[in-house]
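Only heavy atoms go into these numbers, but all of them, side chains included; no hydrogens, no water, no symmetry mates. Remember, it's 1-based here, ligands and their atoms both numbered in the order they're listed.
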Amino acid sequence: MMKIAVIGAGMAGLTLARALNNRAEVTLFDKSRGVGGRLSTRRADPFAFDHGAQFFTARSKVFQAVVADLVARGAAARWDARVVDFDGSRRGATQSWDANNAHYVGVPGMNAIGKALAEGLNLQRQTRIETLEAANGGWRLHDDQGRDRGRFDWVVCAAPAEQTAALMPTTFAHHAVIRERRMQPCFALMLGFEQPLLLDFEVARFKNAAISWMAVNSSKPGRNQATSLLVHAAHDWSALHLEDDNHAVITTLTQATGDLLGQDLSHAKHRAVHRWRYAIIDQQDGPPFFLDAERRLAACGDWCIGGRVEAAFQSGHELAKAITQRL
Ligand code: FAD
């Protein structure tokens, strides 16, 4: 059997590894302690925050089948939130999400998705792959501790574009294209409260403001936790303040959120921020993955298609089909 290394255990890498698992000997590497990449949850007892992806939708039949299975296993559930749009400080009416376009979340946290999808896979966590070295028609991987992680016939990188460009050898046929892809940063502000907040919606979307999104995280299905708010800063604001210190970012974003919601949020018991350097990418026109059959190297991820969980799934799914034909 061919040996395949998949670097990155987000939705794209997990999808690919699951599809190839019975056809090849697949090893999945991720630098994090957890699994799922940007499908992530941070706990700060008694609070919990999905600080990356907020929800996902499923448009294709094949992804709908995966989501249905996750729901049946209790790892995902539909989230029907009340939503309000703001333009600057002007507030729109409270509305429901389109009933025909279901929004899903992981249960009890977004990271439940990665955990469920990783079941049965050979996953090496806390392993940051740093170099690929050509070895007998394949590739030898080394981690950031200088350890040899083995020789593989195929290597697939399923990390964000910038990290893929840094990791893949420049001989990779698509290296020049990938190097040009730019993902936008995003700050995630996490606020925990001892008392429920008085809000007549669970989600607020903002235009022309420092923040772009606010969700009452604790209102998502299966949470049953102390009141938590998750706020995303706008991408242009995040880019402008990317190197600011955490305290300044927390103070400014807490104030901005409070002003827009008309609530004093300064009494939050828990306040923290996460800096996503590679959060999201605009819709792309190119192929859904990059494959160099001669060198047996490939790359996939949401950044091939657009910044959505389903895009990451589609990229991993399509690449698995292309590699299967070559095994
Ligand atoms: P990732 O999830 O980033 O996975 C890549 C993995 O590679 C990571 O686990 C990382 O640790 C690992 N890695 C990187 N380099 C190395 C290395 N050298 N060695 C080993 N491992 C490595 N999508 C939606 O559909 N709806 C939303 O509401 C939504 N909101 C979002 C909000 C934010 C703030 C962010 C950040 C993203 C959001 N997204 C949303 C996008 C969604 O999260 C992504 O499209 C999707 O999760 C990407 O999956 P992926 O597998 O391509 O990449």
Side-chain angles (χ1 to χ4, degrees), residues 5-17 27-40 42 49-59 63 67 79 81 97 103-106 110-111 113-114 117-118 123-132 141-144 149 155-168 181 183-190 203 205 211-213 215 220 230-235 238 273-284 288-289 299-317 319:
V6 180
I7 304 165
M11 177 55 88
L14 287 165
T15 300
L16 178 89
T27 308
L28 193 50
F29 296 97
D30 203 288
K31 62 184 171 61
S32 306
R33 244 184 318 141
V35 56
R38 280 169 275 160
L39 283 161
S40 53
R42 185 184 290 183
F49 306 90
D50 300 324
H51 57 310
Q54 294 300 292
F55 62 83
F56 50 91
T57 52
R59 294 171 200 177
F63 191 49
V67 174
W79 183 31
W97 266 324
H103 292 59
Y104 295 93
V105 293
M110 216 51 161
N111 60 351
I113 304 293
L117 295 179
L123 170 63
Q124 312 282 315
R125 298 167 205 250
Q126 294 181 278
T127 307
R128 182 193 289 268
I129 300 300
E130 200 149 278
T131 54
L132 277 63
L141 300 191
H142 300 276
D143 67 19
D144 61 350
R149 305 306 301 224
V155 178
V156 180
C157 190
E162 285 87 343
Q163 291 168 328
T164 297
L167 184 60
M168 290 301 237
R181 293 281 161 104
M183 300 181 69
Q184 295 169 318
C186 178
F187 282 105
L189 173 71
M190 295 162 264
V203 165
R205 299 177 293 205
I211 63 173
S212 60
W213 166 274
K220 291 179 176 179
L230 191 286
V231 178
H232 281 152
H235 298 309
S238 301
V273 73
H274 180 85
R275 201 175 304 241
W276 293 102
R277 284 189 184 273
Y278 309 117
I280 221 100
I281 195 161
D282 292 334
Q283 202 68 20
Q284 301 294 306
F289 57 81
C300 64
D302 66 336
W303 54 271
C304 299
I305 300 174
R308 286 177 294 111
V309 174
E310 186 168 8
F313 169 84
Q314 188 194 340
S315 181
H317 179 73
L319 177 57

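Ranking protein heavy atoms by distance to atom 12 (C) of ligand 1, first place goes to Asp30 OD2, 3.3 Å. Among all non-hydrogen protein atoms, the one lying nearest atom 39 (N) of ligand 1 is Ile280 CD1, 3.6 Å. Taking atom 2 (O) of ligand 1 as the reference point, the nearest protein heavy-atom neighbour is Arg38 N, 2.8 Å. Protein heavy atom at the shortest distance from atom 49 (O) of ligand 1 is Ala312 CB, 3.4 Å. For atom 5 (C) of ligand 1, the nearest non-hydrogen atom of the protein is Ala158 O, 3.3 Å. Here the protein heavy atom with the shortest distance to atom 27 (C) of ligand 1 is Phe55 O, 3.3 Å. The protein non-hydrogen atom at the shortest distance from atom 4 (O) of ligand 1 is Gly10 CA, 3.4 Å. Among protein heavy atoms, atom 18 (N) of ligand 1 sits closest to Ile129 O, 3.0 Å.
Between Arg149 and the choices Thr27, Thr127, Ile7, the side-chain contact (heavy atoms from CB on, under 4.5 Å) rule is met once, by Thr127. Between Pro160 and the choices Arg181, Arg38, Arg277, the side-chain contact (heavy atoms from CB on, under 4.5 Å) rule is met once, by Arg38. Only one option out of Leu230, Val231, Val273 pairs with His51 in a side-chain contact (heavy atoms from CB on, under 4.5 Å); it is Leu230.
Residues Glu310 and Ile305 form no side-chain contact, since every pair of their non-hydrogen atoms from C-beta on lies 4.5 Å or further apart. Looking at heavy atoms from C-beta onward, Met11 lies in side-chain contact with Leu117 at the 4.5 angstrom threshold. Side-chain atoms of Cys157 and Gln163, non-hydrogen and from C-beta on, never get closer than 4.5 Å to each other. Contact of the Asp143 side chain with the Gln124 side chain is not registered, since no non-hydrogen atoms from C-beta on lie closer than 4.5 Å. Contact check for Leu39 versus Val309: side-chain heavy atoms found under the 4.5 Å cut-off. By the 4.5 Å heavy-atom criterion applied to side chains, Val67 and Phe56 are counted as neighbours. For the pair Tyr104 and Ile113, the minimum side-chain heavy-atom distance is 4.5 Å or more.
At least one heavy atom of Gly36 sits closer than 4.0 Å to an atom of ligand 1. The closest approach between a heavy atom of Thr127 and any atom of ligand 1 is below 4.0 Å. In this structure, Ala188 has no heavy atom closer than 4.0 Å to ligand 1.
In this structure, of Leu14, Val309, Asp50, the residue bringing a heavy atom nearest to atom 23 (N) of ligand 1 is Val309. Between Ala161, Ala53, Pro185, Gly34, it is Ala53 that holds the heavy atom closest to atom 30 (N) of ligand 1.
At under 3.5 Å, a nitrogen or oxygen of Arg308, whether backbone or side chain, sits near a nitrogen or oxygen of ligand 1. Backbone and side-chain nitrogen or oxygen atoms of His51 are examined, and none is located within less than 3.5 angstrom of a nitrogen or oxygen of ligand 1. Here's the thing with Gly306: none of its N/O atoms is less than 3.5 angstrom from an N/O atom of ligand 1. In terms of polar-atom proximity, defined here as any N/O pair under 3.5 Å, Ser32 does make such a contact with ligand 1. Looking at ligand 1, you won't find any N or O of Gly13 less than 3.5 Å from one of its N or O atoms. Between Asp302 and ligand 1, at least one N/O pair is under 3.5 Å apart. Between Gln54 and ligand 1, an N or O atom pair is found at a separation short of 3.5 Å.
Rounded to the nearest 0.5 Å, atoms NE2 (His235) and CZ (Phe187) are 12.5 Å apart.
Per-residue contacts place Arg128 under 4.0 angstrom from the following atoms of ligand 1 (heavy atoms of the residue considered): 18 (N), 19 (N). Applying the 4.0 Å criterion to heavy atoms of Gly37 picks out, from ligand 1, the atoms 2 (O), 4 (O), 8 (C), 9 (O). Listed by number with element, the atoms of ligand 1 under 4.0 angstrom from any heavy atom of Gly301 are 52 (O). Close contacts of ligand 1 with Gly307, meaning ligand atoms under 4.0 Å from a residue heavy atom, involve 23 (N), 41 (C), 45 (O).
Taking the ring centroids of Trp276 and His232, they lie at or beyond the 6.0 Å cut-off.
Contacts with ligand 1 closer than 4.0 Å are made by side-chain heavy atoms of Gln163 only, the backbone lying farther away. Proximity of Glu130 to ligand 1, defined as any heavy-atom pair under 4.0 Å, is not found for any part of the residue.
In this structure, the side chain of Ser315 does not engage the main chain of Phe289 through any donor-acceptor pair within 3.5 Å.
For Arg308, there are no salt bridge (Lys or Arg N to Asp or Glu O under 4.0 Å) partners at least two apart in sequence or on another chain.
Under a 4.0 Å N-O distance rule, the pair Asp144/Lys31 does not qualify as a salt bridge.
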